[in-house]
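Here the structure is laid out as C-alpha cells; the discussion comes afterwards.
In each ligand, atom 1 is the first atom listed, and ligand 1 is the first ligand listed. From a predicted model like this one, the values you see are computed outputs, not experimental measurements.
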Amino acid sequence: MKMTFLENIMSQFNAAADVLQLSDSDMEMLTTPNKVITANLVIKMDDGSFRMFPAFRVQHNNVRGPYKGGLRYHPDVDLEEAKSLAMLMSYKCAVADIPFGGGKGGIEVNPKALSSRELEALSRAFIRAMQCDLGPEKDVPAPDVYTNETIMDWMEDEYSRLAGRETPAVITGKSVKNHGSLGRDDATAKGAYFIIKKAVKALGMEGRKLTVAVQGFGNAGYNIARMLEDDGNFTVVAVSDSKGAVYIKGGVHADSIMRHKKEEGMIDGIYYKGSVCEEIEHKHMSNQELLELDVDILIPAALEGQITKDNAPNIKAKIIAELANGPVTFGADRILDKKGVLVLPDILANAGGVTVSYFEWYQNMHDEKWSRERVYGKLRGKMEKAFDDINAIRQKRRVSFRTAAFVYAIQCIMQAGKGKHWP
Ligand code: GLU
C-alpha cells in the first residue's frame, strides 16, 4: 500500500531514532508539533460576495529559536502534511545551524483564481488571524508553494500596522526594496549548488563534464539549471514542468527555456534556441522518463513523492539532490541506497532558502544591509560545514545521507531541549 507523506517522514525519522536509540518520550517530543493554529479567513470578493478560506499554521518545535517556515497557498493544502513539513523545517534549521525551530502554514485556496486585490485581502486576513502567534522572536513565516515576495510584503505591512511600528523581521522572503535580502531569490538553488559541488568531490566525480536532469522549472529548478550551466562542469540535458520534459543532448540552455516558458506557458514544445531560431536536436519526454534518464545527477525540484519504490529500480543517476521537499519516498530510499546512489536529502540540499531567510531576519534585526557576495559567502560556509558534518556521521555510522542528516538534526535539537524545555 502507498505510504502517506506523514508515514514516509516518520519512517525516515524512525531510521535515525533507531541509530540514536531514542526513548519513547524523546521520540514524542521530536515529532509532535507544539501548537497548531487554525482559522477561517473571510474576505470580500470582487463581485461583492463573501468567501471563507480555511487556514492554519503549525508550530513544531522552538527549543532552538523562533518557529520558521513557509506558507503555501494551494487548494490541496493539508494539515497532516503541514505537520510533517513543519517537523522537517525544525530539522532543516538544525542542519543549517541557524537559530530557528520549524513551522509551516497554508491557506486552502487556488491563488491563480483570485484577483490581486482578493489575494492581498486574504494575505492580510491571515496575518490578522494569526498575529498573536507571530513575531520576530516567536514565529517568522516565509514563501513556499505559490507564495512570493509580494505576498510577504503585504503580510509584513499588515503585521507592522497592527504592531504600530515597522517590524520587517516578522517575515522573510520580502522584496529587496522592502527590507528583503539580496540573494534570497535564488538561495535555495545556490545552497544546493554548493552541496552538489561537495558531493561531486566526495565521490571523486570531478574532472569530466557531468550530465544533469532537473524535474520542475520553478524558482529552484530554473536557478539550479542556470547555475550548473554557468559553472561549466555540468551539462543540463533535460528539464521539465508539470506538462512535460525536454531533452537536448548538448545542453538545454536554461535561460532560453525560461523565456519560452514565459511566452508559451510551458516548456514542452521548445525547439529553437535563443532568438536566432537555430533548430536544436531535441526530444520530448514525460516527467517519468526524465527521472529515469542515464545522467550523473538528478534533481527533483517539483513535488513530493516523485521517486518511489516503483521507479527507484530504474533510476540511473549517481547523485540525487532533493530540491523539492520529500520527492524521494522512504521505500525508494532503501532501494537507491542498495544501488549506491547518493541521495542528498531535502533538509540539507534545499536548506539554502531558509538559511538566507535567517540572514534576512538577522539584517532586519540589526538594521544592516549585506551585499549579494556576502550573503553567498556566508551561505557557502554554512552549507559546506553541514555537508562535512553529516558526511562524517554517514561514514562513522554507516547509514544513508538522509539518516545521517536526521541524526545530526535530532542531536542538535535534543542538546538544546534536554533539561530546559523537556525532561
Ligand atoms: N519554504 C522554504 C522551505 O521549505 C523556506 C522557508 C523559510 O525561508 O523560512 O525551506
Side-chain angles (χ1 to χ4, degrees), residues 5 9 57-62 64-74 77 81-107 134-149 151-153 155-156 168-175 179-192 195 216 218-221 223-224 300-304 321-327 344-365 375 378-379 382-383 386 405 409:
F5 188 69
I9 304 296
R57 179 78 177 164
V58 179
Q59 298 179 328
H60 175 257
N61 185 301
N62 64 350
R64 298 187 61 262
Y67 304 103
K68 186 87 193 75
L71 296 174
R72 2 184 108 177
Y73 285 6
H74 198 278
V77 286
E81 186 177 277
K83 285 182 189 168
S84 339
L85 288 165
M87 177 175 138
L88 282 185
M89 283 309 300
S90 292
Y91 299 169
K92 200 185 289 188
C93 293
V95 162
D97 190 23
I98 56 174
F100 288 123
K104 201 76 159 197
I107 305 182
L134 302 178
E137 273 151 300
K138 270 191 204 166
D139 185 349
V140 185
D144 203 274
V145 175
Y146 290 143
T147 49
N148 56 27
E149 60 178 38
I151 293 175
M152 298 305 117
D153 284 354
M155 289 185 159
E156 185 274 331
V170 67
I171 232 157
T172 60
K174 304 177 295 290
S175 66
H179 307 282
S181 176
L182 289 167
R184 178 64 185 83
D185 47 357
D186 57 7
T188 307
K190 201 66 167 180
I195 295 292
N219 175 305
N223 279 308
I224 191 67
L303 292 169
E304 289 107 39
E322 291 189 317
L323 249 77
N325 285 316
L344 298 164
D346 44 13
I347 57 172
L348 173 67
N350 73 27
V354 73
T355 302
V356 177
S357 270
Y358 164 58
F359 298 157
E360 180 177 333
W361 176 86
Y362 185 95
Q363 290 170 75
N364 294 160
M365 294 294 273
V375 168
K378 284 188 170 287
L379 175 64
K382 289 249 182 235
M383 292 292 110

Quick one: are [X] and [Y] in side-chain contact, heavy atoms under 4.5 Å?
| X | Y | value |
| --- | --- | --- |
| Glu360 | Lys174 | yes |
| Asn350 | Lys92 | yes |
| Asn364 | Pro136 | no |

Shortest reach to atom 5 (C) of ligand 1 by a heavy atom, considering only Arg184, Lys104, Lys68 | Arg184

For [X], which part has a heavy atom under 4.0 Å from ligand 1: side chain, backbone, both, or neither?
| X | answer |
| --- | --- |
| Arg72 | neither |
| Val140 | neither |
| Pro143 | backbone |

Heavy atoms of other groups near Phe5 CZ, more than 12 under 6.0 Å | yes

Could you check atom 3 (C) of ligand 1 against the protein and tell me its nearest heavy-atom contact, residue, atom and distance included?
-> Lys92 NZ, 3.4 Å

Which protein non-hydrogen atom lies closest to atom 8 (O) of ligand 1, naming both residue and atom, and how far is it?
-> Ser357 OG, 2.6 Å

Within-shell test, Gly173 vs ligand 1, heavy atom, strictly < 4.0 Å = no

Side chains of Ser357 and Arg184: is there a donor and an acceptor less than 3.5 Å apart?
-> yes

